[in-house]
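Quick note: numbers below take in every heavy atom, side chains included, and nothing from hydrogens, waters or symmetry partners. Proteins come first, then strands; the chains are lettered A, B, ... in the order of their sequence lines, and each starts at number 1. Model, not experiment: these values are computed from the prediction.
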Amino acid sequence: MPRKPIELPMQVEYMSILDDTGEVDKELEPKVEAAQLKDMFRWMLYARRVDERLLKLQRQGRIGTFPQATGHEAISLGSAINLKPDDWHVPAYRELAGFLYRGWTLEGILIYWMGFEEGARPPEGVNDTPIAVPIASQLLHAAGMGMAANIVGDKKVVMTYFGDGATSEGDCHEALNFASVFQAPVIFVCLNNQYAISVPLSKQMHCETIVQRAVAYGMPGIKVDGNDILAVYVATKEAVERARSGGGPTLVECLTYRYTPHTTADDPSRYRSDEETQRWVAKEPLIRFEKYLKNKNVLNDADIKKMDEEIEVRINEAIIAAEEATKKPPLSDPLAMFDYLYADLPQNLQEQREELAKALGLNTSETEPRNAATSARRGA
Amino acid sequence: MPRKPIELPMQVEYMSILDDTGEVDKELEPKVEAAQLKDMFRWMLYARRVDERLLKLQRQGRIGTFPQATGHEAISLGSAINLKPDDWHVPAYRELAGFLYRGWTLEGILIYWMGFEEGARPPEGVNDTPIAVPIASQLLHAAGMGMAANIVGDKKVVMTYFGDGATSEGDCHEALNFASVFQAPVIFVCLNNQYAISVPLSKQMHCETIVQRAVAYGMPGIKVDGNDILAVYVATKEAVERARSGGGPTLVECLTYRYTPHTTADDPSRYRSDEETQRWVAKEPLIRFEKYLKNKNVLNDADIKKMDEEIEVRINEAIIAAEEATKKPPLSDPLAMFDYLYADLPQNLQEQREELAKALGLNTSETEPRNAATSARRGA
Amino acid sequence: MPEMNMAKAINLALHEAMDRDSRVIVMGEDIGPDEGVFRVTEGLWKKHGEKRVIDTPLAESGIVGAAIGMALYGLRPVAEIQFAGFEYYAFHQIEMHAGRYRNRTRGKLTVPMVLRCPSGGGIRAIEHHSESREAIYAHSPGLKVVIPSGPRSARALLHAAIQDPDPVIYYEPKALYRLFKENVPETIETLPIGRAQVIQEGSEITLISYGATVRAMIDAAEILEEEDGVKAEMIDLLSIAPLDTETILNSVRKTGRCVVIHEGPRTCGIGSEVVARINEGALLYLEAPIKRVTGYDVPIPYFAREKAYLPDGDKVVSAAREVLSF
Amino acid sequence: MPEMNMAKAINLALHEAMDRDSRVIVMGEDIGPDEGVFRVTEGLWKKHGEKRVIDTPLAESGIVGAAIGMALYGLRPVAEIQFAGFEYYAFHQIEMHAGRYRNRTRGKLTVPMVLRCPSGGGIRAIEHHSESREAIYAHSPGLKVVIPSGPRSARALLHAAIQDPDPVIYYEPKALYRLFKENVPETIETLPIGRAQVIQEGSEITLISYGATVRAMIDAAEILEEEDGVKAEMIDLLSIAPLDTETILNSVRKTGRCVVIHEGPRTCGIGSEVVARINEGALLYLEAPIKRVTGYDVPIPYFAREKAYLPDGDKVVSAAREVLSF
Ligand SMILES: Cc1ncc(C[n+]2csc(CCOP(=O)(O)OP(=O)(O)O)c2C)c(N)n1
Ligand SMILES: Cc1ncc(C[n+]2csc(CCOP(=O)(O)OP(=O)(O)O)c2C)c(N)n1
Ligand SMILES: [Mg+2]
Ligand SMILES: [Mg+2]
């Protein structure tokens, strides 16, 4: 036939397991032990409480502008728990739950939002990159890591995150293409919260789903309810297993809603209605997971109260620790801006460091540059 | 159903009309008048002969390295004939047939390959951009032109061209996305000649067709046999009509083969077999179109001979004219490098122009800068 | 006109330009209903609708590339990149096409577009939100680069940029958006691109700056006058490319001493070009080495250490005193 | 070792580095079976296979971004961009990530990668194939930039770049690929990044250059010696960032006169930084303004007018004579 439809070899899927009333699909329900389920809830709750407290701190002027993560906990945690510590976790900036789960200290996170590079230093023992500010740029690093994993042959996988707005960047395309061409073990988790600051998805792209982009790369793709931690968990688990066994990358679209302003500097009333937001509140991920766990008798109100109390203590301690840290070197030392640009400190930077020290009335001999042999050796 | 395939709303198609034996599909055969058919053949033949002569000139050192266009005539011409003069023609660099058809003088084309910017000046009366060297970058200009057409409301359409390799660039993605979001009247014609220099399509992407990328943009897509000028003509005609009547962009994948080295500096024996190339020679676009036209009694050998004779005269004249032109200003004037950077000539460039004039022993008062009021006014 | 801040003055110029010329269209991320993350495009979308005030997808190369296409088509796009740090995504479009179409086509196709972009530090932002890399564009042939230092110059330069037949990078030092107000004239004013302004005459030392650090320069001049009795000549460059060499040389020939101030990195920054031109045109007048008070050659730090990074009045005063006492 | 040209010397260094260190991988467009459009990656794919010699899709941001990921992972990618003009597509990855990961993560994550790139004019190429914009990288904190001037420095600098713990932009002036041959030592040699070489001592004038225009400098020095009896001191910078200020200053303090030569555009080019540093560190020694013999502030023309654009011996001689007779 000289004019005919082209059969596309791959289909993209949709999956939901735990609906917004808390009902579960028994067939698809993953087998997860009670203790782990409870732990998942704890991490989600922790992230939620941290987010709420960050907002207060921001309003008090104790931290800077930040993007809230409320409502994105199921996506971030439900996917990250499928990683081993030495797998790579390559987030954007709404993966607060994942950061905490991967071992980033709350103290460090606070220090980051207080405006210090020190807060972007990943913890030891995990392979994590810090927050990626330039949209979509991190996806290429993830693709490269996956290519490296194939070269080294060590069976690590890479999980990377991006928003619906990020899909428009050329880097997103190049990353998906590189990962598919090289069959890199990368799971591309899209947090589709339907907005890029003020721009709704319908103005970001002219197609119904993000997951259909997978067709353009001959890549498996699945869309899930991103407020359903079980669906996120199952979809990313499958993707991780496929990646680890040589099956290449997967695109996972997770549909949620940006429940909060874009950042604390944003005013959503300019571009969307409160009713819309309210409609989505009922679907948010913690409520339904709580219902599900209670139905399963894995969790009760006393548990939650206890968790909340522990979390509050932890948050309070971290805030004190972070605020204390800012008063001492290295945080209190402005010369630290020169410390880690290169493994060594070139002549011109030495001179500029001294110039700044002089301007600030500091004694450079007392504050040695910190980019010492250790980091040089690590890089070498 | 909580786990189910997602129905994609749009299908991509395949079409061929004139097969490589010269057989035509009667149902799909477009109604084109005999005179126009003959004219189409004439343009294709002209482009072919020019390409062959350029190669000789390059071998003789009379022009620089250039990318041959042989085999791409059906795509370039078959699409360009659907444009009106004031539609926009936004080529890459293998659209020699289109350039000639749109009124670019052969003299100018020669001047371009002799290394002069003057050869990149589009002719009057058409809306054309010159050769785009940076891969995929022109696609965004085309998208912007299409957006402008919608803003102005003047019903112009934009036809733009790119290779299979170009599909990997971020700009290609951004252009397809912009065009689809803004429903811009742009026809994206992909010359899939299966190679990007040495890189075969299978290493460029992990999917079977380029046209399936259309799915990612909710854009109509059609793949055609790019050596079949009738299929190219019909597919792009439909796309132009849709675009002009407000139906937005289309992706048209045209499958052909890069019959020649990438450029005259390339050695394909390093990365592909001669047998492969030979297999494709039988499918090339002129042979079958000639057969078709002869079967239809639109063309005979005497016609072709006459065309060839006329073409040779034209080519010879153009070469003489181009080589003469290089001996006179502006081409012979190195100071012309300063002529058109800005509408006016800023102080530092005036000084640098004089510095160069001095170095070359030229008298600047005799060679006034040419970026005169005309161009300034046009821009203003 | 009432007094207004710089954000308002830029907004006013956009309104005026769109009202006057239907070819002017405004495009970028969040510039429509949201009216820009700094509210600089306030009221435009409501007045002119989404045809002329276009919220684009999140893609900077797309924004610049599409704007180039619109300019080629005959429109006069004013494209916004949300922060100067993200302009790098579009650098190839800016360098390879915006700045070259006229030259490439020998005057036939031109790109009369403006690229607006909040630049510089001073607003307690996270990484990549405080960049000042105008020198990169000054080093790219075919572009013009202007940077206002307050409400009045902002409005006048934006009109000049929009009317210019060539592509203009228009940086908006975001620290100035709401820092102070100024009177702007009733009628539309333009400033000639390529011309600096001597904002204070003096005879002992020349201070040269542009954009946000004009404030540091003025602060320093006040201190120098009060504490040292030195009246500094102050030059506000306004145009980074083309650079007004003549005004610079005239001043330094008079004063023989100079400090140049900007917040972008020092190496190959605008300051180095200013020094190089003074070397070429006024070396024999120099009585002391020119000092550069600039950002250091490190990425501008996250906001906690940003103040230490940025030039301020004190740093300029110290440099000026060194130059004066040389 | 036999005499070899620069293309061969770079190829040798790549072979040596890949043989010695399995973490070294090479990637780029057409660098595999095709062995690079300039054949610089000859034999690598045959020897090491497609796992370590990777033909990438046609996407420069992809190449650089993926290389950054590999470097973070622990590999030592040597990525090629086919022509310097196309590096602009990746500028955001280079500036925002390659040069910043160490700083951002306070030393935890590092990007030990090399970005190889044929640069400059002189090969009769079409538009965008003759760029020299190293100044842009010198202006970007966190990067190192080296540019060899012949076979021996090419091999030694490439080894240094690959061993460096930080990202290095390695420009290959393509006009030199096959221009001349040199002996390279039997054993692997490295040149310290950040150090210039005095390639000829002299006392009356300092000539400073790097890359392809070192040839123009040498030509000029020969003419000056023969015709003017002036022995010029010649400095080959080799490193553009960090710049070896000390060597420059020591020389100019001795000679008092200087010409700086490069083919990239003049404004905010490396020449302006050299002048600025001399101003800061040796102003009082200067007996004449420093002259810049550089590319002009226009895009490098298509090849027919390219020769007029590029610095050559004659232009340098004229400049030197002006400086000498000032
Ligand atoms: C390259 C780039 N352009 C613009 C911005 C400014 N910006 C920050 S977040 C954002 C929207 C991102 O939307 P999306 O990808 O959907 O993520 P979300 O914030 O919704 O999680 C924009 C435009 C940026 N950080 N990087
Ligand atoms: C941005 C960019 N990168 C690299 C090149 C060098 N280059 C020129 S043509 C080409 C291959 C293009 O392949 P394709 O898009 O398939 O077009 P074709 O040449 O096959 O027609 C490459 C890599 C370029 N011109 N621009
Ligand atoms: Mg979003
Ligand atoms: Mg091709």
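- With chain C as partner, the option from D:G281, D:G85, D:P299 having the largest number of non-hydrogen pairs under 4.5 angstrom is D:P299.
- Both the backbone and the side chain of C:N279 come within contact range of chain D, with heavy atoms under 4.5 Å apart.
- Separation of atoms CG (D:D297) and CG (C:L143) is listed at 11.5 Å; rounding is to 0.5 Å.
- When side chains are defined from C-beta on, C:L283 counts as touching D:L286, because their heavy atoms get closer than 4.5 Å.
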Open item on the list: Would D:H139 and C:H139 count as a side chain to side chain contact (heavy atoms under 4.5 Å, CB included) here? Give the steps.
Closed with: CA-CA 11 Å; D:H139 185 61; C:H139 186 60; over 6 Å; no
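- With chain D as the partner, the residue from C:Q93, C:E280, C:E60 showing the most heavy-atom pairs under 4.5 Å is C:E280.
- Using a 4.5 Å heavy-atom cut-off against chain D, no residue of residues 237-256 of chain C qualifies as contacting.
- Taking the six-membered ring where the residue is Trp, D:H92 and C:Y89 present parallel rings, their angle staying beneath 30° rather than reaching 60°.
- Within the 4.5 angstrom heavy-atom criterion, no atom of C:E87 approaches chain D.
- Interface residue D:S140: backbone and side-chain heavy atoms are both found under 4.5 Å from chain C.
- Within residues 267-275 of chain C, the residues having any heavy atom closer than 4.5 Å to a heavy atom of chain D are C:T267, C:C268, C:G269, C:I270, C:S272, C:E273, C:V275, listed by residue number.
- Of residues 315-326 of chain C, those residues with a non-hydrogen atom less than 4.5 Å from any non-hydrogen atom of chain D are, in numerical order, C:F326.
- The line from CZ of D:R266 to CZ of C:R277 is 9.0 Å long, rounded to the nearest 0.5 Å.
- Among residues 288-295 of chain C, the residues having any heavy atom closer than 4.5 Å to a heavy atom of chain D are, in sequence order, C:A288, C:P289, C:I290, C:R292.
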